[in-house]
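Along the sequence shown, residues carry numbers from 1.
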Amino acid sequence: HSFPTRRSSDLDAIKMAQKAVELNPNSSVALRNLAQIYATAGQAANAKATFDRAIETAYKVLQVNPQNAEELGTLAMSYAGEGSFDKAHQTLARALSLNPGDRDLIYDEATLDAQEKRFPEALAALKRSLESGTTFEAALHDPALAELRRLPQFAALEKRFANNKR
């Protein structure tokens, strides 16, 4: 799982993500991260175009290896970024069926559920991800979990998994 964090400005974050794409233009992860930063910065047209590129790139990778769970996870979260939550859930379910213990995929499930305001499911997935070793730091800063952080159950998870911080 990776996600944009707030830097000194959205422009700095965009420049860094653009550089990552420039260095690795065939990385669906780099493209998805850039798209998410555009979305967070309110640049909807750039976000949509970049999510589309991430999806296209993921499909190319999956043509070579359709069992690539990590790539399926990136594809799922790119669909979610575009608001295609049904496709996102179907794709993420396929990824999890291939690698059910992958903490990044489980974390993606938590963020996907949180984006859809399915908070009990998001909390359950986040707990499983933390039990698998995800650092709690990720959950503290991920914009997709902002509403989840307001819930008392989130505070309980933070207390339980405080040692999962870096």
Side-chain angles (χ1 to χ4, degrees), residues 1-6 10 13-14 17 20-21 26-63 65-132 134-154 157:
H1 69 280
S2 67
F3 53 87
T5 57
R6 285 288 183 179
D10 289 335
I14 289 169
V21 169
N26 296 318
S27 168
S28 60
V29 172
L31 286 163
R32 186 187 71 84
N33 289 345
L34 175 59
Q36 191 61 50
I37 291 169
Y38 280 141
T40 301
Q43 296 186 22
N46 284 338
K48 170 81 169 100
T50 309
F51 277 127
D52 286 346
R53 283 181 55 204
I55 290 167
E56 179 182 320
T57 302
Y59 271 115
K60 288 178 183 174
V61 171
L62 292 167
Q63 285 177 343
N65 180 6
Q67 306 299 310
N68 184 329
E70 182 180 343
E71 197 66 41
L72 286 164
T74 301
L75 177 60
M77 298 315 290
S78 296
Y79 281 141
E82 289 194 328
S84 299
F85 292 109
D86 287 343
K87 282 184 180 180
H89 277 290
Q90 292 168 1
T91 306
L92 190 57
R94 184 167 159 224
L96 283 164
S97 75
L98 294 169
N99 195 352
D102 185 295
R103 69 179 181 213
D104 292 336
L105 294 174
I106 299 166
Y107 184 88
D108 287 345
E109 182 180 18
T111 62
L112 180 57
D113 286 335
Q115 288 173 346
E116 292 187 280
K117 303 188 184 335
R118 296 168 32 154
F119 299 130
E121 294 89 343
L123 287 162
L126 180 59
K127 180 180 178 231
R128 289 193 322 274
S129 178
L130 291 165
E131 289 169 343
S132 298
T134 297
T135 63
F136 202 82
E137 194 71 21
L140 287 174
H141 299 289
D142 190 334
L145 300 181
E147 289 187 66
L148 204 64
R149 285 192 289 273
R150 297 185 190 119
L151 301 177
Q153 299 94 323
F154 186 90
L157 285 177

What I'd like to find out is whether the side chain of [X] reaches to under 4.5 Å of the side chain of [Y], using heavy atoms alone.
| X | Y | value |
| --- | --- | --- |
| Leu92 | Leu72 | no |
| Arg94 | Pro66 | yes |
| Tyr79 | His89 | no |
| Arg32 | Ile55 | no |
| Ile14 | Gln43 | yes |
| Met77 | Thr91 | no |
| Leu145 | Thr111 | yes |
| Thr57 | Ser27 | no |

Can you tell me if [X] has over 12 outside heavy atoms packed within less than 6.0 Å of its [atom1]?
| X | atom1 | answer |
| --- | --- | --- |
| Glu70 | CD | no |
| Arg53 | CZ | no |
| Asn65 | CG | yes |

How many angstroms lie between [atom1] in [X] and [atom2] in [Y], if you round to the nearest 0.5 Å?
| X | Y | atom1 | atom2 | answer |
| --- | --- | --- | --- | --- |
| Ser129 | Asp104 | OG | CG | 7.0 Å |
| Asn46 | Leu34 | CG | CG | 8.0 Å |
| Leu75 | Asn68 | CG | CG | 10.5 Å |
| Thr134 | Ile106 | OG1 | CD1 | 7.5 Å |
| Glu71 | Tyr59 | CD | OH | 11.5 Å |
| Glu56 | Leu31 | CD | CG | 9.5 Å |

Where [X] and [Y] come nearest, the two heavy atoms and their spacing:
| X | Y | value |
| --- | --- | --- |
| Leu126 | Ala139 | CD1-CB, 4.1 Å |
| Asp108 | Gly73 | OD2-O, 4.1 Å |
| Ala47 | Ala39 | CB-N, 3.6 Å |
| Ala76 | Ala88 | O-CB, 3.2 Å |
| Ala114 | Ala144 | CB-O, 3.5 Å |
| Ser28 | Thr74 | OG-CG2, 3.4 Å |

* **Trace of the side-chain hydrogen bond (donor to acceptor under 3.5 Å, both in side chains) decision for Asp142 with Tyr107** => CA-CA 11 Å; Asp142 190 334; Tyr107 184 88; 2.8 Å; yes
* To do: Begin from the C-alpha positions of Phe119 and Asp113 and carry the test side chain to side chain contact (heavy atoms under 4.5 Å, CB included) through to its verdict.
  => CA-CA 7 Å; Phe119 299 130; Asp113 286 335; over 6 Å; no
* Return the orientation label for the Phe154 and Phe136 ring planes: parallel under 30°, perpendicular over 60°, tilted otherwise. => tilted
* Can a salt bridge be assigned to the pair Glu109 and Arg128 using a cut-off of 4.0 Å between side-chain N and carboxylate O? -> yes
* Please assess Phe51 against Gln36 for the test side chain to side chain contact (heavy atoms under 4.5 Å, CB included), listing each intermediate value before the final yes or no. => CA-CA 8 Å; Phe51 277 127; Gln36 191 61 50; 3.6 Å; yes
